[in-house]
Student: 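Let me give you the structure first, and then I'll get to my questions.
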Number of protein chains: 2
Amino acid sequence: MSMVALTPRSERLLKALIEQYIAEGQPVGSRSLVKQAGLEFSPATVRNVMADLEEMGLIRSPHTSAGRVPTELGYRLFVNTLLTSQPLEAVDIRGLEEQLPLHQDPQQLIEAASGLLSQVTKLAGVVRVPRRAHAGFLQLEFLNLSAHRVLVILVAQDGQVLNRVIQPKRRYSPAELQEAANMFNSVYAGRSFEDVRRSLVRALEQDSEAMQKLMRSAVEMAHEVFGDPGDADPLVVSGEANLLAFPELSDREKLRRLFDAFNAKQDLLSLLDQSMAAGGIQIFIGGESGYESLEPCSVIAAPYDVDGQIVGTLAVVGPTRMSYNRVISIVDVTARLLSGALTHNAGHGMNDA
Amino acid sequence: MSMVALTPRSERLLKALIEQYIAEGQPVGSRSLVKQAGLEFSPATVRNVMADLEEMGLIRSPHTSAGRVPTELGYRLFVNTLLTSQPLEAVDIRGLEEQLPLHQDPQQLIEAASGLLSQVTKLAGVVRVPRRAHAGFLQLEFLNLSAHRVLVILVAQDGQVLNRVIQPKRRYSPAELQEAANMFNSVYAGRSFEDVRRSLVRALEQDSEAMQKLMRSAVEMAHEVFGDPGDADPLVVSGEANLLAFPELSDREKLRRLFDAFNAKQDLLSLLDQSMAAGGIQIFIGGESGYESLEPCSVIAAPYDVDGQIVGTLAVVGPTRMSYNRVISIVDVTARLLSGALTHNAGHGMNDA
DNA sequence: GCTGGCACTCAGAAACGTGGAGTGCTAAGA
DNA sequence: TCTTAGCACTCCACGTTTCTGAGTGCCAGC
């Protein structure tokens, strides 16, 4: 673990080793490394260097007479300083672009993006849906379903629709509901969801005398919905099944945990939320994510934005042995594309007369 | 395979054998069967009977000196005629009932039901969402998102909401959109989705002279959405990860296929649709479903209804070795509960003045 | 400081024996 | 005719042993 700087040669060697391991998935020995990478020194020399690298904690051998395998630290160094990330070809970008259905509502775009990620990387794709809090509120509608059930529909400026059934205390006629919605919309349209929510809380705390009765009802009903975390699934996952193909994930118990994580979504959610703040591409190698369930995996995450404002994160989850440079490029491009599509669609929703 | 009728004794024996195999998951031998089931004849007799059963194709031995294991045919006979399905206790029903959030919109109810199925059976739960075709159409709304994008919101009488973004040829003012929607609603509200869809097609085929211009626009825009299969996921799956726990599904390739099936959903979808017609609980054992991906599994499916009209199917997917009587009861009860919840919520949606 | 050589290690495959669970068959008993 | 005890047989599961090959560490010479 002595943190002496690596010589150029050992760096080169480490890089070659990791690349070979990523490609083949088997411990790489000195001889085969020399051959594969076309190195100009002998296996014996390579062995010496390997011993150094092992001492530094960058690689390790599964057992005495196997080759070497990168450690998390090794991967970390690799992605930090050794990666030759050639950006994707323009052609490939076009390919990706074509698969994102433009002009759709955000939910569909996001599902498409998730599918795209998993499909092209052959790993699992994850997209954190935009937080509604900062989105602009466009309009609300109340609709009688039956005697005591009212459907509330919330529309955001970007076209997201949120609906929920509530049971108001008293019964309203359709005309009343219509008017209540009109009043509500004229006051709150265009403000952000979070803003509206806060206003509603304040309005409820105030004396209701100050408000018209119907408006009071509207505020009460709307509050039930605005206060809600929302019914939409906050995380879209696709291609988990791709991970079954990797022999390194054959441990039943680990696999179980991993899939539970995809299902419960809690761990992934916090990881993505936390990486939303970071602003750029984030890479979590193995245990770095801090979640046990993700320990055998690496996560490549990138935030996406609408109009320059970061609203969510997308990511690819795969085994630590993954083609980092490829996946990083793909995640990067996809995040850009999604940002573009969403921004384009947000369209500064004018409801002008 | 000679189809001689089974004697009561061999039936009893088969039943005991299958039950024990389901409980323990290991081939059962004559001796242990006698002990476990408290039979009053000797292992030798049991062996003779077993030989008969094997000849009939109801059981088989994995190899010479292992016990016997049920075949698909055996399971089939078992569920057809041997099953002692004691209905669930009232307490258990209450337990299930409490976990279904009443008064929610259909989508949430369905997701809850799926989660419930997987959670209580420890297998995978699947719910086919109601087909919109027969649902009643309540109202439609057009909303400008930006210059050339209009959000169309469709509401069904049961509270389902469907939304989609379209790009109309020309630009409409909010007032126009409002009026178009009003006209549309006054004509079509209350009819079934399928009915409306057909009317729209007919209306479009007719000469547009006969229609007011704005109404014509409304019909065109609405048609884009009514004709659509809809953006909602037609199948809600939960608890796939539960299946990882079964040793009989440890075959990598089979597992892969199975999970792909859960992901692609095509196979499951057709299976459930097909069993919707059947009207009652349906059981597919192993290859009976006709889908290779589901071959190592059994599927217990039951349709659910709204107001007596069957609208969808729910199912549990697990290994062929599952506790059929338990799972059947659970599926049955859950289907009833879901039907109840949906029917209750459908509430004959009066939008009366 | 690099390299060839050499002894050493160790996982994994193949070969081998052994024990036990379970069977099929036969012959005696009910 | 049906049941059962007995017995020889089969074959998997498991532990042991052996063997092999890939790979290492180290040393001595260049």
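First the proteins, then the strands, lettered A, B, ... as listed; each starts at 1.
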Student: Check this one for me: any side-chain N or O of B:R47 less than 4.0 Å away from OP1 or OP2 of D:dA5?
Tutor: no
Student: Of all the choices, D:dA22, D:dT24, C:dT23, which nucleotide is nearest to the side chain of A:S65 once you look at every atom?
Tutor: D:dA22
Student: Taking atom P of D:dG25 as reference, at what distance in whole Å does atom CG of A:L53 sit?
Tutor: 11 Å
Student: Whole angstrom is fine here: how far is it from CG in A:N48 over to P in D:dT24?
Tutor: 11 Å
Student: Separation of B:M50 atom CE from C:dC25 atom P, in whole Å?
Tutor: 15 Å
Student: B:H63 side chain: which of C:dC2, C:dG4, D:dC12 is closest?
Tutor: D:dC12
Student: Does the ring centre of A:F259 sit less than 6.0 Å away from the ring centre of B:F259?
Tutor: yes
Student: Tell whether B:R31 reaches the base of C:dG22 with its side chain through a donor-acceptor pair below 3.5 angstrom.
Tutor: no
Student: Quickly work out the A:Q36 CD to D:dG23 P distance and round it to whole Å.
Tutor: 11 Å
Student: Distance check needed: C:dT23 P versus B:E55 CD, whole Å only.
Tutor: 16 Å
Student: Aromatic contact between A:F284 and A:Y291, with the criterion being ring centroids under 6.0 Å apart: yes or no?
Tutor: no
Student: Classify A:A44 by what it touches in the nucleic acid, base, sugar-phosphate, or nothing, heavy-atom distance under 4.0 Å.
Tutor: base
Student: Counting side-chain heavy atoms from C-beta on, which of D:dG25, C:dC10, C:dC2 comes nearest to A:T45?
Tutor: C:dC2
Student: With a 4.0 Å cut-off on heavy atoms, is B:S61 in touch with a base, just the backbone sugar-phosphate, or nothing at all?
Tutor: nothing
Student: Which part of the nucleic acid, if any, lies within reach of A:T64 when heavy atoms closer than 4.0 Å are counted: base, sugar-phosphate only, or nothing?
Tutor: sugar-phosphate
Student: Find out whether B:S293 and B:L258 are in side-chain contact, i.e. whether some heavy atom of one side chain is under 4.5 Å from a heavy atom of the other.
Tutor: no
Student: The side chain of A:S42 is closest to which nucleotide in this list: C:dT3, C:dC6, D:dG6?
Tutor: C:dT3
Student: Between A:K15 and A:E19, does any NZ, NE, NH1 or NH2 come within less than 4.0 Å of an OD or OE carboxylate oxygen?
Tutor: yes
Student: Measure the distance from CG on B:L17 to P on C:dG22 and round it to the nearest whole Å.
Tutor: 12 Å
Student: Tell me what B:S32 touches on the nucleic acid: a base, only sugar-phosphate, or nothing, going by heavy atoms under 4.0 Å.
Tutor: nothing
Student: Can you figure out which of C:dG24, D:dT3, D:dT24 approaches the side chain of B:R9 most closely?
Tutor: D:dT3
Student: Is any NZ, NE, NH1 or NH2 atom of the basic residue among A:E288 and A:R76 found under 4.0 Å from an Asp or Glu carboxylate oxygen of the other?
Tutor: yes
Student: Please confirm whether the shortest side-chain N or O distance from B:R68 to OP1 or OP2 of C:dG22 is below 4.0 Å.
Tutor: no
Student: Roughly how many Å is it from CD in A:E24 to P in D:dG23, rounded to a whole number?
Tutor: 11 Å
Student: D:dT24 P sits how many Å from A:E54 CD, rounded?
Tutor: 10 Å
